[in-house]
A.B. asks: 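Let me begin by handing over the structure; questions about it come next.
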Amino acid sequence: MIMKIERDQRRFRQIVRGRIRQNLRKYVTHGEMIGRKGRDLVSIPIPQLDVPHFRFGDNGAGGVGQGDGEEGKPIAKGGGEPKDGQGSAGSDPGGGHLLEVDMSLEELAEIMGEELELPRIEPRGNASIVQEKSKYNSIRQTGPESLRHFKRTYLKALRRQISTGVYEPDDPHVVPIKSDKQYRSWNTIEHPQVNAAVIYMMDVSGSMTDEQKQIVRTEAFWIDTWLSSQYEGIETRYIIHDAVAKEVDENTFYHTRESGGTRISSAYKACAELIEEQFPASDWNLYCFQFSDGDNWGEDNDESFKILGERLLPIVNLFCYGQIESPYGSGEFMGNLQGRFGDHEALVLSEIEDKDAIYESIKMFLGKGR
Amino acid sequence: MASVETSNLPPQLAAIQREMEGYARGHGLDFFPTIFEYIDADHLNAIAAKGGFPVRYPHWRFGMEYERLSKGYHHGLQKIYEMVINNDPCYAYLMTNNSQTDQKLVMAHVYGHCDFFKNNFFFSKTSRKMMDEMANHGNRVRRHMDEVGVEEVEEFIDACLSVEDQIDIHSPFIRRRDDRSRYDFHGENGKEEAEGPPRFRAKNYMDSFINPRDKLAAASKEMQDKRREPKSFPERPERDLLLFLLEHAPLNAWQADVLSIIRDEAYYFAPQAQTKIMNEGWASYWHSTIMTRQGLTAAEVVCYCDHHSGTMASSPTQLNPYKLGIELFRDIEDRWNRGAFGKEYNECDDYRQRREWNTKAGLGREKIFEVRRIHNDLTFIDEFLTLDFVREQKLFKFGYNASTEYYEIETREFPRVKQQLLASLTNLGRPQITVRDGNYKNRGELYLEHTFNGVELQLDYAKETLRNLQKLWNRPVHLETVLEEARTVITFDGAEHDIEKGESIELAEGAQL
């Protein structure tokens with residue numbers, strides 16, 4: 001039988017892609033809709049891909065079931081898909097509203113890039129980080145038995161036996177001796193790799209609420225998705241700060257809440273130190289993202305600008321500052337930055353009032369193509 | 001391929017097939033020759049995604065279904081045991097990595113289905129060469145795609161599929177009106193116009209008395225006036241929306257062809273939806289009878305029981321058609337064996353006497369063969385679902401309780417359980433919608449009416465469906481229905497939806513099924 005299903009499947013995938021592109025703004029804004037599945041896969045809910053029909057609404061939801069129980073006994077949780085006993089009436093099961101589609105992160109990044117019109121990033125500098133790879137493409141005389149090259153060993157043994165006259169065509173026994181044995185071996189191939197380091201900084205002082213952190217998280221997801229598609233390897237680091245800064249893991253980053261004051265310079269300092277220690281600018285493409293509500297201790301601004309201007313801006317590809325509006329209003333730090341550095345090419349400022357602003361903000365951050 | 005008449009069964013399974021076929025015939029089952037295809041899971045999923053037909057027209061929804069099936073299979077959530085196609089010869093599929101016991105069970109089950117396809121009245125008008133027809137449909141659609149472009153045809157198919165269930169499932173059996181050709185441009189009026197008003201036959205000299213001139217003139221004027229009045233059609237409400245569109249919508253040749261393909265396939269599949277409970281019940285009855293009486297070896301018993309009971313599992317929220325069907329057939333057989341039917345039995349209200357009723361009538365087998373011939377699910381349930389049966393099978397009606405957000409058991413009262421079940425089977429569990437006017441407001445707009453019976457339509461789906469329908473009709477489309485207990489007309493004019501609420505209606509007590 002001829003398999004014709006591939007064509008339909010391909011067409012379906014195309015439609016799904018189109019649908020995701022149409023609704024990208026919604027997915028960007030509601031990052032929580034996208035579920036991670038392992039390392040490289042995400043699952044995305046697609047609305048109403050099924051063919052619409054005239055059908056009964058939920059107000060008649062009910063049906064006939066079978067089993068024990070008194071009247072009034074709960075049998076299934078509502079809310080989700082209306083369960084109807086009339087599945088027996090022959091309609092297909094599972095014609096729900098949302099369809100979960102698996103997609104690779106790479107594909108998602110591609111759609112995102114096209115829709116947000118993000119320029120490809122030209123990696124900066126030379127690819128001086130060298131990754132070594134082994135490739136089995138040569139032969140040695142010694143080695144472990146597990147790597148013995150049977151064919152070559154046999155041929156060599158055969159040749160030796162023929163040349164020494166031991167070989168009898170009527171009774172073809174070929175017995176290799178130690179010097180016949182051939183082993184597979186590898187060569188090291190050097191493969192230059194362009195890497196990027198992403199450093200997230202966030203203000204965790206009391207004025208940042210969970211809602212703001214959710215915004216940061218959503219932004220970070222899309223930024224990671226895009227940058228991973230542009231570089232072969234990315235390293236991500238997280239720094240939180242109030243009056244002092246420290247490097248933390250991802251989980252702590254999103255779940256810490258401190259109550260102290262705010263000293264942005266502490267984060268800049270920690271960031272600069274991190275870069276100097278682990279990601280020398282000559283080898284890495286550096287991306288710094290800072291999220292804050294913009295409140296800083298007045299006298300700290302000078303210190304902050306000094307570090308930013310001298311130790312960060314000159315070496316990073318991008319320094320993005322996202323000012324998130326908090327219930328306590330928005331601070332002045334953004335204005336100050338703007339006044340001090342103006343249109344520095346590596347600096348991007350974005351004001352994020354609410355969830356809906358995430359889309360534009362990402363476009364701004366990544367739209368520079370650096 | 002469909003044209004290959006021999007199956008690819010390995011010899012061992014072919015031997016089993018002959019054995020099972022023999023048993024089935026021995027029980028009086030009567031079926032078309034049945035060809036088993038022996039294929040792997042991936043292949044089976046691909047065919048299942050296409051509704052059982054390996055060659056059909058291309059459409060993305062088959063791809064979607066395939067992804068769903070193969071994902072479910074690879075995650076171990078579901079697998080398809082049997083699939084059988086109503087065709088002559090019947091095609092059935094066996095999955096290669098099923099155990100031999102399973103294959104036996106499936107074969108016995110399949111012969112049940114094949115017998116049902118061949119003998120049940122509601123299948124009598126379906127095409128028995130559907131394998132070939134589907135392949136032809138595929139060719140036709142592909143040719144249209146080559147001519148006008150894949151996307152355009154696909155979009156049109158999507159629009160057609162939106163209303164594919166708007167057919168008149170009884171029309172194959174009833175001739176409601178004469179066929180009309182869409183190429184007949186004269187209309188019925190052409191003839192009359194030439195003839196003028198009817199005259200009585202009269203001899204020449206009597207004519208002016210019998211057919212007075214002024215009366216004739218008046219009649220002729222009346223006819224002309226009538227002709228000038230806006231024509232409204234169809235004459236009677238039309239339930240076959242697809243046919244109506246074929247006859248009256250401004251479709252070009254390829255569109256009409258695609259629409260007729262969708263309609264043919266909808267009519268082909270309709271009886272399967274109409275007889276799901278009976279069909280599965282009948283097949284299960286026979287696999288169970290054949291397997292337990294003849295088919296099983298001692299070594300296979302445990303495996304068989306495991307899978308049989310898995311198929312029969314019932315759930316509180318989903319009535320299992322296999323279970324309901326097989327139990328009803330057994331109940332009928334038992335009752336007719338005992339003679340527990342008819343006036344005398346029905347009028348007896350002594351529970352114990354009813355239970356022990358036995359006239360040794362022995363009519364059970366004969367009766368169930370008759371039932372499988374003349375009933376569909378709706379009449380089957382209506383006729384044979386009894387109070388005793390509902391109690392014994394612990395059936396109940398459930399409903400949604402908004403205050404707890406749970407589905408709860410609402411009642412075990414027999415009439416309400418049965419009512420609910422019948423409601424869910426009426427018109428295949430779909431809303432009844434008829435074409436009222438194809439020339440609404442004398443502006444060529446299409447006016448549909450939903451026959452309201454207590455359950456409202458899902459608004460977002462209805463709106464999207466109207467959008468698709470408008471693509472076919474090309475003029476504004478209207479649907480009269482009831483929303484939030486008020487008469488409502490939903491309109492889509494090609495650009496936007498309009499919802500016009502009318503007076504609210506009184507819900508009769510008990511109308512809510």
Side-chain angles (χ1 to χ4, degrees), chain A residues 1-16 46-80 82-95 97 99-102, chain B residues 1 43 46 49-50 54-55 58-64 66-67 158 161-162 165 272-273 276-277 314-319 321 324 393-400 404-412 417 420-421 424-425 428-431 433 454-459 461-462 464-465 468:
Chain A
M1 281 186 231
I2 319 153
M3 292 286 280
K4 290 255 168 67
I5 200 75
E6 283 84 1
R7 174 175 175 174
D8 295 330
Q9 207 181 358
R10 213 165 42 238
R11 193 71 197 116
F12 167 63
R13 300 232 124 222
Q14 266 176 11
I15 289 170
V16 165
I46 309 275
Q48 259 206 13
L49 206 67
D50 51 345
V51 178
H53 288 109
F54 290 125
R55 57 181 250 183
F56 290 125
D58 292 344
N59 63 343
V64 175
Q66 190 172 25
D68 292 312
E70 294 290 307
E71 284 174 15
K73 177 194 168 196
I75 47 174
K77 185 112 180 77
K83 295 265 177 19
D84 54 327
Q86 66 195 29
S88 54
S91 55
D92 290 332
H97 240 191
L99 177 80
E100 295 264 333
V101 185
D102 289 347
Chain B
M1 277 299 292
H43 211 145
K50 300 197 129 203
V55 188
H59 191 261
W60 57 268
R61 78 179 191 285
F62 302 137
M64 176 166 86
Y66 174 68
E67 288 220 343
D158 285 356
L161 287 175
S162 228
D165 52 353
Q272 306 196 5
K276 179 85 176 167
I277 297 172
S314 59
S315 110
T317 53
Q318 185 99 43
L319 203 54
L324 181 61
Q393 294 295 322
K394 299 179 182 166
L395 300 184
F396 56 79
K397 168 177 169 19
F398 67 87
Y400 185 61
T404 59
E405 298 189 346
Y406 269 91
Y407 288 93
E408 289 176 354
I409 297 180
E410 215 171 278
T411 179
R412 286 183 182 276
V417 172
Q420 171 75 37
L421 197 53
S424 72
L425 294 169
L428 308 182
R430 297 168 193 152
I433 286 164
V455 186
E456 294 179 3
L457 295 182
Q458 190 162 335
L459 182 59
Y461 270 75
E464 287 308 303
T465 309
N468 278 340

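Here is how names work: the chains are called A, B, and so on, in the same order as the sequence lines, proteins then strands, and each is numbered from 1. Keep in mind that this is a model prediction, so the values were computed, not measured.
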A.B. asks: Quick one: does any side-chain atom of A/Asp8 pair with a main-chain N or O of B/Pro58 as donor and acceptor, under 3.5 Å?
C.D. replies: no
A.B. asks: Can you tell me which portion of B/Ala49 sits under 4.5 Å from chain A's heavy atoms? Options are side chain, backbone, both or neither.
C.D. replies: side chain
A.B. asks: To the nearest 0.5 angstrom, please state how far the CZ atom of A/Arg55 sits from the CG atom of B/Asp165.
C.D. replies: 11.0 Å
A.B. asks: Do you know the tightest heavy-atom contact between B/Gln420 and A/Gly63?
C.D. replies: NE2-CA, 3.5 Å
A.B. asks: Do A/Val64 and B/Ser424 come within less than 4.5 Å of each other through their side chains, counting heavy atoms only?
C.D. replies: no
A.B. asks: Supply the atom-to-atom distance B/Arg412 CZ to A/Glu70 CD, rounded to the nearest 0.5 angstrom.
C.D. replies: 8.0 Å
A.B. asks: How far apart are the closest heavy atoms of A/Phe12 and B/Trp60, and which atoms are they?
C.D. replies: CB-O, 3.7 Å
A.B. asks: Given that the side chain runs from C-beta out, which part of B/Ile433 has a heavy atom under 4.5 Å from chain A: side chain, backbone, both or neither?
C.D. replies: side chain
A.B. asks: CD1/A/Ile75 to CD/B/Glu410 distance, rounded to the nearest 0.5 angstrom?
C.D. replies: 10.0 Å
A.B. asks: If we check salt bridge (Lys or Arg N to Asp or Glu O under 4.0 Å) with B/Glu67, which of these qualifies: A/Arg13, A/Arg11, A/Arg10?
C.D. replies: A/Arg13
A.B. asks: I need the A/Phe56 CZ to B/Gln458 CD distance, nearest 0.5 Å.
C.D. replies: 11.5 Å
A.B. asks: Which value, rounded to the nearest 0.5 Å, describes the distance between B/Ile409 atom CD1 and A/Glu71 atom CD?
C.D. replies: 8.0 Å
A.B. asks: Quick check against the 3.5 Å criterion: does A/Gln66 have a side-chain atom that pairs as donor or acceptor with the backbone of B/Gln393?
C.D. replies: yes
A.B. asks: Provide the closest heavy-atom pair for B/Pro431 versus A/Phe54 in the form atom of the first, atom of the second, distance.
C.D. replies: CD-O, 3.5 Å
A.B. asks: Given heavy-atom pairs under 4.5 angstrom as the criterion, report whether the side chain, backbone, both or neither of B/Ser162 touches chain A.
C.D. replies: both
A.B. asks: OH of B/Tyr406 to NZ of A/Lys73: how many Å apart, nearest 0.5 Å?
C.D. replies: 12.5 Å
